[in-house]
Amino acid sequence: MKNRRLDIKLTDYELQQLKEEAIRRGMTKSELIRSLIARFPAPSQESRPRRTGLESH
């Protein structure tokens with residue numbers, strides 16, 4: 001579930017690069033960012049947020 005928002009500051013040039021690459025790949029800018037993040041290694045156990053039982057399912 002996509003329930004987090006990420007705000008980043010980019011230059012006009014970087015935004016244009018992001019937009020053009022997303023178009024080239026046939027995806028949205030958000031999908032492109034998520035696909036890049038998906039390439040990162042899995043977080044270690046120590047850095048994962050702990051479940052409190054209060055999260056909605």
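For reference, positions follow the sequence shown, starting with 1.
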TODO: Indicate if Leu32 and Phe40 have the same hydrophobic cluster label, given that clusters are the connected sets of ILVMFWY residues with side-chain heavy-atom separations under 4.5 angstrom.
DONE: yes
Task: side chain to side chain donor-acceptor pair (under 3.5 Å) against Arg24, all qualifying residues, sequence neighbours excluded - done: Glu21
- [ ] Hey, could you give me the CG/CD1 distance between Leu10 and Ile8, rounded to the nearest 0.5 Å?
- [x] 4.0 Å
Open item on the list: Out of the candidates Glu20, Lys19, Glu14, only one should pair with Gln16 under the side-chain hydrogen bond (donor to acceptor under 3.5 Å, both in side chains) rule; please name it.
Closed with: Glu20
TODO: Return the set of residues passing side chain to side chain donor-acceptor pair (under 3.5 Å) with Arg5 (not counting sequence neighbours), or none when no residue passes.
DONE: Asp7
Task: Nearest-0.5 Å distance, CD1 of residue Ile23 to NZ of residue Lys29 - done: 8.5 Å
- [ ] Answer yes if Leu36 and Tyr13 sit in the same cluster of Ile, Leu, Val, Met, Phe, Trp and Tyr residues linked by side chain heavy atoms under 4.5 Å apart, and no otherwise.
- [x] no
TODO: Answer whether the closest heavy-atom distance between the side chains of Arg25 and Ser35 falls below 4.5 Å.
DONE: yes
TODO: Go through the structure and list residues passing salt bridge (Lys or Arg N to Asp or Glu O under 4.0 Å) with Arg4, not counting sequence neighbours.
DONE: none
